[in-house]
S.K.: 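Got a structure for you, written out below as structure tokens; questions coming shortly.
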Amino acid sequence: MAKLLVPLALFLTVVAFLAVGLYRDPRLVPSPLIGKTTPAFSLESLRNPDHVLTLADLKGKPLLLNVWATWCAACRAEHDFLMHLATQQDVQIYGVNYKDDRPAALGWLSQLGDPYVANVYDPDGLLALDLGVYGAPETFVLDREGMIAYKHVGPLTMEVWEKQLLPVFKKL
Amino acid sequence: MSRLFLKMAPILLVLSWAAESQETGFRALAFATTVQEQRYKSLINELRCLVCQNQSIADSDADLAQQLRGEVYAMILDGRADSEIVTFMVERYGDFVLFNPPLKWVTSLLWFGPFLFLATGLCYLFFQIRNRARSDAEATVESPERPN
């Protein structure tokens, strides 16, 4: 009996490890920025090139910082949900327009609607580099002090919002 | 053997030419010293591209890899130490960006796991052998007493 139990236990251990591995997304890399203050920046506003946005503009209220671009298909997929959040749930969303073209980005917003309070225009990915962005869209949850409380990689959906971001957002 | 080589020679020539032309496809970077160039090459081979995760930023042609290579290059010219450049990357992308993970509490299983498996195997082997030796010894002691 014991002779059978040892290989069986080994087999079940391997199965358990493989099963967990199968359902984990290897693309999700834990961000070292969680719990830290958003990196300082000084970049043009997307709508108004004369206006410079800085970290100070993001302080004072909990908000979402959404990294997006018009070349990013997944950003198109989450856009409707961002509109829903901004209009129905009254969530403040700031955008980082990532390695994009200003006219294209403005065209996108006028055509599909603009869920953002303001957009940081980041054509060279400077702020995105400091934020450790590796695949748009990415969404950061920021508290009043500008601290990063949570980061989501990939398009936002109702399910992601309710299960992952909202519980964090409510506590801020 | 040499006939085979003669047949292969043109193919090898084409392949080596292709490899060379691919290498020159990248933009040549100017360095002040060869040491800087060596450091650049070794650094970009140690850093993982997070878009195509099994490639280093040296291998990958992804937009992010290009940007990170540019950052490494700029920091080397700027006179920053290798450790500073690595810290810069880890602060943004975490330990995952390193192909050679640091020894920490969370990575201990990664580093010591193989030894743990080896030790478990050796223990198992040791007890197996001891049990077998014991049962053999018992068998030889008992057998003469058994009435046939």
Side-chain angles (χ1 to χ4, degrees), chain A residues 2-3 5-11 13-14 16-17 20-21 24-41 67-75 96 98-101 122-138 140 148 150-151 153-154, chain B residues 47-57 60-75 78 84-99 101-102 104-107 109-110 113-114 116-128 131-132 135:
Chain A
K3 261 186 190 164
L5 274 178
V6 173
L8 187 68
L10 279 175
F11 173 72
T13 312
V14 172
F17 270 92
V20 171
R24 284 182 64 166
D25 186 351
R27 279 188 53 82
L28 297 184
V29 179
S31 172
L33 286 143
I34 307 295
K36 299 207 176 124
T37 307
T38 308
F41 61 92
V67 182
W68 67 283
T70 54
W71 47 261
C72 149
C75 300
V96 177
Y98 174 51
K99 291 185 182 172
D100 208 353
D101 171 58
D122 191 11
D124 302 317
L126 300 176
L127 173 57
L129 174 74
D130 285 339
L131 283 169
V133 169
Y134 60 90
E138 291 191 10
F140 296 82
I148 298 171
Y150 193 82
K151 172 187 176 178
V153 179
Chain B
L47 296 168
R48 185 197 299 268
C49 171
L50 282 99
V51 178
C52 23
Q53 295 184 343
N54 289 330
Q55 283 186 307
S56 68
I57 61 168
S60 172
D61 210 28
D63 198 52
L64 183 69
Q66 289 178 21
Q67 189 185 4
L68 293 184
R69 282 201 298 268
E71 289 294 326
V72 172
Y73 177 67
M75 282 191 276
D78 206 32
E84 283 181 89
I85 299 173
V86 167
T87 310
F88 175 92
M89 294 296 171
V90 171
E91 276 172 356
R92 283 157 182 78
Y93 298 102
D95 289 335
F96 191 74
V97 78
L98 306 173
F99 267 122
K104 283 182 175 182
W105 173 240
V106 287
T107 57
L109 197 62
L110 185 69
L116 200 71
F117 280 115
L118 186 68
T120 315
L122 285 177
C123 280
Y124 180 72
L125 196 67
F126 173 76
F127 284 112
Q128 264 320 75
N131 283 350
R132 191 162 296 174
S135 62

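The shown structure was predicted, so the numbers you read here are calculated from the model rather than taken from an experiment. Convention: sequence-line order gives letters A, B, ...; per-chain numbering from 1.
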S.K.: Mind checking the CZ-CG spacing from B/R92 to A/L33? Nearest 0.5 Å is all I need.
M.R.: 8.0 Å

S.K.: Would a 4.5 Å heavy-atom cut-off, applied to side chains only, mark A/L129 and B/F88 as touching?
M.R.: yes

S.K.: Using non-hydrogen atoms and a 4.5 Å limit, figure out which bit of A/K99 sits close to chain B: side chain, backbone, both or neither.
M.R.: side chain

S.K.: Against chain A, label B/Q67 side chain, backbone, both or neither, depending on which of its atoms sit under 4.5 Å from a heavy atom there.
M.R.: side chain

S.K.: Which atoms of B/D95 are under 4.5 Å from chain A, going by heavy atoms: the side chain, the backbone, both sets, or neither?
M.R.: neither

S.K.: With B/C49, which residues qualify under disulfide bond (SG atoms under 2.5 Å apart), at least two apart?
M.R.: none

S.K.: Taking atom CG of B/L122 as the centre, report whether more than 12 heavy atoms of other residues, nucleotides or ligands fall under 6.0 Å from it.
M.R.: yes

S.K.: Which heavy atom of A/P32 sits nearest a heavy atom of B/G94, and at what distance?
M.R.: CG-N, 3.3 Å

S.K.: With a 4.5 angstrom heavy-atom cut-off, could you sort out which part of B/V97 is near chain A: side chain, backbone, both or neither?
M.R.: neither

S.K.: Near B/F99 CZ, under 6.0 Å, is it more than 12 heavy atoms from other residues, nucleotides or ligands?
M.R.: yes

